[in-house]
Amino acid sequence: MNSTLISRFPHLRQDFAASLVVFLVALPLCVGVAVASGVPAELGLVTGIVGGLVTGLMRGSSLQVSGPAAGMTVLVFEAVEEFGLPVLGVLVLAAGVLQIAMGLLRLGRYFRAISVSVVEGMLAGIGLVLIAGQLYPALAAKAPDSGLGKLAGLPGAFWDAFRDTGALVSLAVCAGTIAVLLLWKHTPAKLRAVPGPLAAVGLATLATLALSLPVATVEVRGLLGSVQPPPLSAFGELAGVGLLGTVAAFTLIASAESLFSAAAVDRLHSGPRTQYNRELIAQGAGNTVCGLLGALPMTAVIVRSAANVQAGARTKASRVLHGVWLLLFAALLPGVLAYIPIPALAGILVHAGAKLVPVRALAALWREHRGEALVLAATAVSIVAVSMFEGVLIGLALAVVKTAWEASHVRLEVVDKGAGPIEAYLSGNATFLRLPKILDSLESLPQDRPVRLELSGLHHLDHACRTALENWAARHSAAGTEPVKLLTAA
């Protein structure tokens, strides 16, 4: 039997070992993302299970692993706060159906055309809000609703914590968890066989139990008690503009994060490349199932995917098996979750949020491409100041404007030989964005001299520019000089 299995699945041993590593990485992250999203911890496990057993079985990217992602935490929390937990399933289901439709329409490859600055700005904004939001459970305090409120309230929350022993203990557990995450890579190789997130949460849990620390722990409801398919009445909410905007945000962010993750994972191995449209369909199928179960949305997660590749995975069997281990844990050991300290999970997510803020990349971008750096920063600030959906739209709009501005290079060369007409040559792309510069230069020409304006060097002349040039020519000619000659290509 063993030889038969090996002949059918020649990489089973490598995939089996990799699946255990991914399971151990995914477990604390699934629980942490769920708690931070304001939903039962078990729903994070459900999404991880679906990511392994549904999305993992489908074609697309063979080695990337899907599940609940820190990048969606802020948006899910806002959605649950605004629309309620029963509607979450409707949002995720609708996003999944849209992803499948986009995959079938072969739109997956177009996500690679989204400005990298917008995506990095989106992740940076999410990271900032995530860090600010998770510092409150670390301080045993309630977080304000808005991103700006979270940031503005932190000094007061820290001040109050220094007068509260329980808050200081909670903060110490969070800080200790982060310290373990940062120092784990420096431990002996045998210890590093245990993934950092699991070690950090495990040590925090043991310390809490051994010292009887007064910190909040995860509330356990049981897997069947947490899975609540959305009621039919919740589907009526799709008629609302606000809900449709949130569906669009879920779809855009989950798809972009998954496909950018796929591109990153492809650089980590030499196996089959990602088929983007099929991967989008696979993500959509997973989100559709998650929606029917009332669980969290899923994306491909670069942390789990990188762990999968680095652990030696060769086929999609590793990610499917990781879903099996999550299912067995959720079915047989759900009570273990009740011992996990919430400040430890907050530390995990503060660390994950910090990784989303590309400080070094922003500094390099500022030196080389300041326009891109401004788009990144504006997207991040907009997400913190307004909301996820509006922030992404602002970032996309700025990226389009920046591209249009850079594409509309135009040059005006004036040749004045002292006698005869002044010769002016326009070249490049004349659009309304450069119109003020063009008109300022033309209107500075002497009114008492004839002008010949050569337009044949233009690659593009939009209607606004043409109309403005004709109006300028009429005004210049009205001064009593020889009419301006507009010369175009034959």
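When reading the values below, keep in mind they use all heavy atoms of this one structure, side chains included, and skip hydrogens, waters and symmetry mates.
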Test side-chain hydrogen bond (donor to acceptor under 3.5 Å, both in side chains) on Tyr425 and Glu423 and set out the steps. CA-CA 7 Å; Tyr425 300 89; Glu423 297 180 350; 2.8 Å; yes
May I ask you to check whether over 12 heavy atoms, not counting those of [X], lie within 6.0 Å of atom [atom1]?
{"X": "Arg449", "atom1": "CZ", "answer": "yes"}
{"X": "His463", "atom1": "NE2", "answer": "no"}
{"X": "Arg192", "atom1": "CZ", "answer": "yes"}
{"X": "His369", "atom1": "NE2", "answer": "no"}
{"X": "Arg273", "atom1": "CZ", "answer": "yes"}

Charged N-O contact under 4.0 Å between Glu279 and Arg59: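 Here Glu279 does not pair with Arg59 in a salt bridge, since their nearest N and O are not under 4.0 Å apart.
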Distance alone, cut at 3.5 Å: any donor-acceptor contact between the side chains of Asn308 and Gln64?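 No, no side-chain donor-acceptor contact under 3.5 Å.
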List the residues meeting ring pair (Phe, Tyr, Trp, His ring centres under 6.0 Å) with Trp184, not counting sequence neighbours, and say none if there are none.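 Checked Trp184 against ring pair (Phe, Tyr, Trp, His ring centres under 6.0 Å); zero matches.
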Apply side-chain hydrogen bond (donor to acceptor under 3.5 Å, both in side chains) to the pair Ser255 and Gln283, showing each step before the final yes or no. CA-CA 8 Å; Ser255 302; Gln283 294 294 326; over 6 Å; no
Derivation of the side-chain contact (heavy atoms from CB on, under 4.5 Å) call for Leu63 and Lys316: CA-CA 6 Å; Leu63 295 182; Lys316 63 184 178 183; over 6 Å; no
Check the pair Glu443 / Arg475 against salt bridge (charged side-chain N to carboxylate O under 4.0 Å, His left out), numbers first and verdict last. CA-CA 10 Å; Glu443 287 170 353; Arg475 291 196 306 274; 3.1 Å; yes
